[in-house]
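We name chains A, B, ... by the order of the sequence lines, and we start the count at 1 in each one. Just the heavy atoms: all of them, side chains too, but no hydrogens, waters or symmetry mates, feed the values below.
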Amino acid sequence: MPTFHFYPIDITYRIVSGKPVIYLYGRTKDGQRIAVADRFDPYFWAIPQKKSVKERLENLSGEKDGESYSVTSVEEKKKRLLGKEVEALKVTVSQPKDVPLVRELIREWDDIQSVHEADILFTRRYLIDKKIIPMTLVVVEGEEGREESRIPVIAATAIRPAEDEETMKGLGILAVDIETYYPKGKGIDMDNNPILMLAVHGETISRVITWKRFATKRRSIEFVQDEAALLHRFREIVLEEQPDIITGYFSDGFDLPYIKRRAEKLKVNLDIGADFSGISLKKGMDTESKITGIAHFDVIKFVRGGLRTSIATDSYSLNAVASKLLGETKHEVELDDLAEVWDKRPEKLEPYCDYNLQDALLTYQLAEKLLPNLTELVKLIGLPLQDCNRMSFSQLVESFLLRKEGEFDEIAPEKPTEHELAKRRKVRLQGAFVHEPTPGLYHDLAVYDFRSLYPSIIASHNISPDTVREADTLEEGAFVVREEKVAYSTAKKGFIAAVVEEVITRRMRVKDILKKKKDPFLEARAMMLKILANSFYGYLGFPSARWYSFACAASVTALGRRYITETIEKAEKAGFKVLYSDTDSIFLSLQGKSKAAAKKFVDDINEHLPGLMELEYEGFYPSGIFVSAKDNKGGAKKRYALLREDGSLVIKGFEAVRRNTSVIAKEVQEHVLKAILEKADDKKALNYLHGVIKGIREKKLAVEKMVIRTRLTKPISSYDAIGPHVAIAKQMKGKGIDIAPGAIIRYVVTTGGGRIRDRAKLPEATKQSEYDADYYINNQIIPAVEKIFEVFGHTKEELLGKGAQMRLLEF
DNA sequence: ACCAAGCGGGG
DNA sequence: GTGTACGCTTGGT
Ligand SMILES: [Mg+2]
């Protein structure tokens, strides 16, 4: 019997002669594309009320809407439900579609207590039970069968994960991007507007296909007869390239559905799937595009999903994400003119082809860059790339728990009913602890934070839905969270606490290896482990979670508050002064104590912290400034600036790090912060400010410095409140330029009467004499520095130079 | 204050 | 498909 070593990348199932067969698609170790067919039977769990129900279940079969269903076997198994031992029944049915039918039927039976895991997708159940992890080596025994398929199908007689968990490397990625015809101002219309060009970029190909000829020396541009021929070429390229991954940017909702629709319209057979199927759309609130045998990596879904908290961007456009992650941008062309150029001036099409190819290239580079992270997530969660790509944090956690439960003999609690869901949505969790800063300039600060505060609390205090006890429990060793009137058993490690502990310790091991040598794959693994660990707290409070527990989620934040306040008390007792604290971080003033003492403080704390909990010394800062909040005397949260020992600045929350502030206001703010933090020289900063104000008044500063950038978040027509950026977008539209939502609108406020929005102008159309000095001084610069100077007792009048003039007059 | 509806990305 | 995203903003009441 031949043996195959292969990496599965995609999975599906089919009914063959009435029986379900799993199809794994992937590549062998030596690069051959193969499929593996394996029989597998669907099942779920039932908890009986009476033992006699087993026989009743065994004999269950019937018909619904002309389709028959049947239970093929029922097996008794000792399992655990939230830690409690139960006599569960493993109910095997003949086909996956029987599961929901049998499930609904028996839920009504009096002798059934509850039904579990009757909604786990069949292919996922297979991967879990067979311990198969996508993109990770699998050993298959079997013969090649004769099936209608683009690639050989091995009928498996045995399948098991390889010992060494080796990861798939060198995957073939093909990036796809299309540009389509659209008359100005009209929305996307897949039925009526053709695809004009289609760009593909891969390791061995970089090409634009288009169907209007023009003179060009570009070897990357390929001309075809018409749109149908373009689609044929796309099919050919995919079949030639045999990519493991097709990637795009919002290709779930745009490129692939568009290609599919046009192919249907033009009767082009797009049978690019391994089983000769085409692009399939899974429609819901959102569309997911799939191709059998190929993983579809939609970059935007990963950036907005699993990586959301790790990549800070206020826009998820390809341009914004590419410039953030790659330092590269899209080409600049007037896309709104493409239809007109196509119709009337085809000789001007070349820049559009270049633009199209650049989009494909950027997407390819993004996919390549993010693939280590996505691969590690696939290995961690155990689901195909196609799924991990699109999952939210809570879905990732739940999938991970479903993969882990077997080790604990656990079966998953039921998903909440609509009623239960509504109840869960009503309750609110109390948030984290915040010590408001007192506005001021401080010297010699030490900053600390608890490493992975919430995950370490879960692991160290055995916070888990299966360890929850009454607050007055007599159980020995139970840990009471008096704040939430609940206790946690310590007799046995809880399921979720154990899983979180494993994630944290795995990450610590990876970090240890990384200290010795750099490895981008291990970096990615550490990052994904951190993301997963940090998702558990949110999961426990996520209404749709199977392992939802309000008590656990509330206890996590309560303990977070408890630990941080206790640490602050100890710091004050030791002679430090707390300046600011939020959730898991503490900013202390050294009060004359040494840097060494500041560093040693963590040891005194860590000595008394349980389990995996640890306070980390983040660093020493020679100076820092906290300012007051907008409408209150107290200090603002998440808004401060620190000076590092190497002279660099850490700026949080200030306009200087926000987009919709003018260039000049950001510049002034950063300059003032630097002068104050470096030399505590508010006079010098004030002089600088006066210089800038004078420069603006005398129009000596360039228009470019006055530019304000604001993002258009929706179509112009749907704005009711017309801000200056909307007014500008309207003007541009009036000139025949259609501005799409997501566009960053640049504008300058000019002099004249009336509302700001009536005085906003395009920077390119504004002369240096035209910008409104008063607006920039009073509405941009002063608000940006007012709170900073307030710390030194400087009034707004002084900032404007009026105070100084008065003083001059006094002499 | 609360709730329902809309929206993102793509052309 | 053993199925129905999600989190935030906006506008109405
Ligand atoms: Mg494009």
Compare side-chain N and O positions of [X] against OP1 and OP2 of [N] and report whether any pair is under 4.0 Å apart.
X         : N       : answer
Ser392(A) : dA5(C)  : no
Arg304(A) : dG9(B)  : yes
Lys415(A) : dT4(C)  : yes
Arg103(A) : dG3(C)  : yes
Tyr182(A) : dG10(B) : no
Lys282(A) : dG1(C)  : yes
Lys426(A) : dC3(B)  : no

State which of [options] makes the closest approach to the side chain of [X].
X         : options                  : value
Phe250(A) : dT2(C), dG10(B), dG11(B) : dG10(B)
Gln395(A) : dG11(B), dC6(C), dT2(C)  : dC6(C)
Phe254(A) : dA5(C), dG11(B), dG9(B)  : dG11(B)
Ser317(A) : dG11(B), dG9(B), dG3(C)  : dG9(B)
Arg308(A) : dG7(C), dT2(C), dG9(B)   : dG7(C)

Under 4.0 Å between any heavy atoms, over every strand shown, what does [X] touch: base, sugar-phosphate, or nothing? Just pick one.
X         : answer
Gly187(A) : base
Tyr13(A)  : sugar-phosphate
Ile120(A) : base
Tyr43(A)  : base
Ile300(A) : sugar-phosphate
Pro42(A)  : base
Asp41(A)  : nothing
Ile178(A) : sugar-phosphate

Exercise. Whole-Å distance between dA1(B) P and Arg428(A) CZ?
Worked result: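 Nearest whole value for this atom pair: 13 Å.
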
For this session: Provide, to the nearest angstrom, the distance between the CG atom belonging to Leu127(A) and the C1' atom belonging to dT2(C).
Result: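 Rounded to the whole Å, the gap is 14 Å.
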
Show the nearest heavy-atom pair for residues [X] and [Y], with the distance to one decimal.
X         : Y         : value
Pro257(A) : Ser251(A) : CD-O, 3.2 Å
Asn193(A) : Gly187(A) : ND2-O, 4.4 Å
Arg262(A) : Met190(A) : NH1-O, 2.9 Å

Problem set entry | Within the 6.0 Å centroid threshold, strictly below: Phe254(A) and Phe250(A) |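 Between Phe254(A) and Phe250(A), the centre distance exceeds or equals 6.0 Å.
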
For this session: Check each of Asp129(A), Thr72(A), Thr92(A) against Tyr43(A) using the side chain to side chain donor-acceptor pair (under 3.5 Å) test, and report the only one that passes.
Result: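 That would be Asp129(A); it is the only one of Asp129(A), Thr72(A), Thr92(A) passing the side chain to side chain donor-acceptor pair (under 3.5 Å) with Tyr43(A).
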
Exercise. Can a cation-pi geometry be assigned to Arg14(A) and Tyr23(A), taking NZ or CZ under 6.0 Å from the six-membered ring centre and within 45° of the ring axis?
Worked result: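 That pair qualifies as a cation-pi contact.
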
Exercise. Using the C1' atom in both, what is the distance from dG9(B) to dC8(C), to the nearest Å?
Worked result: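 These two C1' atoms come out 15 Å apart once rounded.
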
